[in-house]
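Here the structure is laid out as structure tokens; the discussion comes afterwards.
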2 protein chains.
Amino acid sequence: MDDVFKALADASRRSLLDRLHARNGQTLNELCDGIAMTRQAVTKHLVILEQANLVTTLRHGREKLHYLNPVPIHQIGERWIRKFERGKLTALSELKKQLEKRDE
Amino acid sequence: MDDVFKALADASRRSLLDRLHARNGQTLNELCDGIAMTRQAVTKHLVILEQANLVTTLRHGREKLHYLNPVPIHQIGERWIRKFERGKLTALSELKKQLEKRDE
DNA sequence: TTGACATGCAACCATTTGGTTGCCTATTAT
DNA sequence: ATAATAGGCAACCAAATGGTTGCATGTCAA
């Protein structure tokens, strides 16, 4: 879980996920296209995404194809985001109440 | 948006959000309770959470009360997580299809 | 009014991070 | 066979990160 949050913390990596979302199964060189970064830097990002299980790879001859794995993202949505959504609407009014309590 | 992702990348900070979720409106010292970290370290984490707009503070005399703001978390769910959830079910079968295409 | 308490500020430190360059290996095409 | 292509490995670097300690300030209570 921590790996996923850490992997998502970087804008370059999120952009890589975006590109895989747009077209799945790209090679390293394809993912380097139009990016102001060396191939090696992209490789490092992809390794981090793989370790977080956000990207799966498949060798195909001398090419390495990268596939998006949406499961961890979904899990963060389920296990983490939803928890904080409950009570969103009441947050402000609660704040007000608690303040009034303290002033009594 | 980037600030929010960066703020969520650290386990200590996520734990602070958890604690505020359990009980909203805690002071700095309350948040330091039972944590293996100096008060100053906690302060730094809270500043990062404030800058990401995940935590709002209110001075009350010499105390500083910390309140969770769930809106940015919700936004990440809406604008980011949901995008990747569409197509989750078809991901594996798509992968298979694309592989077969490449082999033709 | 003076001491205790809650927080703030700044300097410093080690480690991690995001990036580079240079070279090596494996596969494909001519 | 050999050159071009796709990717891998390792050393190195600057900046960001997560933490510390020491001291200062503001507020409350006796």
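Here is the naming used below: chain letters follow the sequence lines, and residue numbers restart at 1 for every chain. In this text the structure is predicted, and so the values were computed from the model without any measurement.
Summarising the geometry, the separation between CZ on A:Phe5 and P on D:dT17 is reported as 18 Å, rounded to the nearest angstrom. When the C1' atom of C:dG22 is taken as reference, atom CZ of A:Arg39 falls 11 Å away, rounded to whole Å. Distance A:Leu8 CG to C:dT17 P: 15 Å, rounded to the nearest Å. Rounding to whole angstrom units, CG of residue B:Leu46 and C1' of D:dG18 are separated by 14 Å. Following rounding to the nearest Å, A:Gln26 (CD) and D:dG7 (P) show an atom-to-atom distance of 11 Å. Separating the CZ atom of A:Arg14 from the P atom of C:dG18 is a distance of 11 Å, rounded to the nearest angstrom. Between the CD atom of A:Glu63 and the C1' atom of D:dA4 there is a distance of 14 Å, rounded to whole Å. Rounded to a whole Å, the CG atom of A:Asp2 is 13 Å from the C1' atom of C:dT16.
Looking at the side chain of B:Gln40, the nearest of the listed nucleotides C:dT20, D:dA6, C:dA10 is C:dA10. For B:Arg62, whose side chain is taken as the heavy atoms from C-beta onward, the closest listed nucleotide among C:dG8, D:dA11, C:dA4 is C:dA4. Each of C:dT20, D:dG19, C:dC5 was ranked by its minimum atom distance to the side chain of B:His45; first place goes to D:dG19. Which of D:dA6, C:dG8, C:dG18 sits closest to the side chain of A:Arg13 comes down to C:dG18. The side chain of B:Leu28 lies closest to C:dT7, out of C:dT7, C:dT27, C:dA10. Side chain of A:Ile48, nearest nucleotide from C:dG18, C:dT17, D:dC23: C:dG18. Residue A:Lys44 has its side chain nearest to C:dG19 when only C:dC23, C:dT20, C:dG19 are considered. When each of C:dG8, D:dG7, C:dT7 is scored by its nearest atom to the side-chain atoms of B:Thr27, the top-ranked nucleotide is C:dT7. The side chain of B:Met37 lies closest to D:dG19 when the candidates are D:dG18, D:dA6, D:dG19.
By the rule that hydrophobic residues join a cluster once side-chain heavy atoms approach within less than 4.5 Å of another member, B:Phe5 and B:Ile48 end up as members of separate clusters. The hydrophobic clustering, which links ILVMFWY residues whose side-chain heavy atoms are closer than 4.5 Å, places B:Val47 and B:Ile35 apart.
Residue A:Ala36 is the one, among A:Gly61 and A:Ala36, whose nearest nucleotide of DNA chain C lies closer to the 5' end (criterion: closest heavy atom). Mapping A:Thr43 and A:Lys6 onto DNA chain D by nearest heavy atom places A:Thr43 closer to the 5' end of the strand.
Between the side chain of A:Arg59 and the base of D:dG7 there is no donor-acceptor pair of N/O atoms closer than 3.5 Å.
Judged by distance alone, the side chain of A:Thr43 and the main-chain N or O of A:Arg39 form a donor-acceptor pair under 3.5 Å. At least one donor-acceptor pair closer than 3.5 Å links the side chain of A:Gln26 to the backbone N or O of A:Arg19. With hydrogens and angles disregarded, a donor-acceptor distance shorter than 3.5 Å links the side chain of B:Asn69 to the backbone of B:Asn53.
One finds a side-chain N or O of B:Asn29 lying less than 4.0 angstrom from the OP1 or OP2 phosphate oxygen of C:dT7.
Note: B:Ile81 CD1 to A:Ile81 CD1 = 4.5 Å, rounded to the nearest 0.5 Å.
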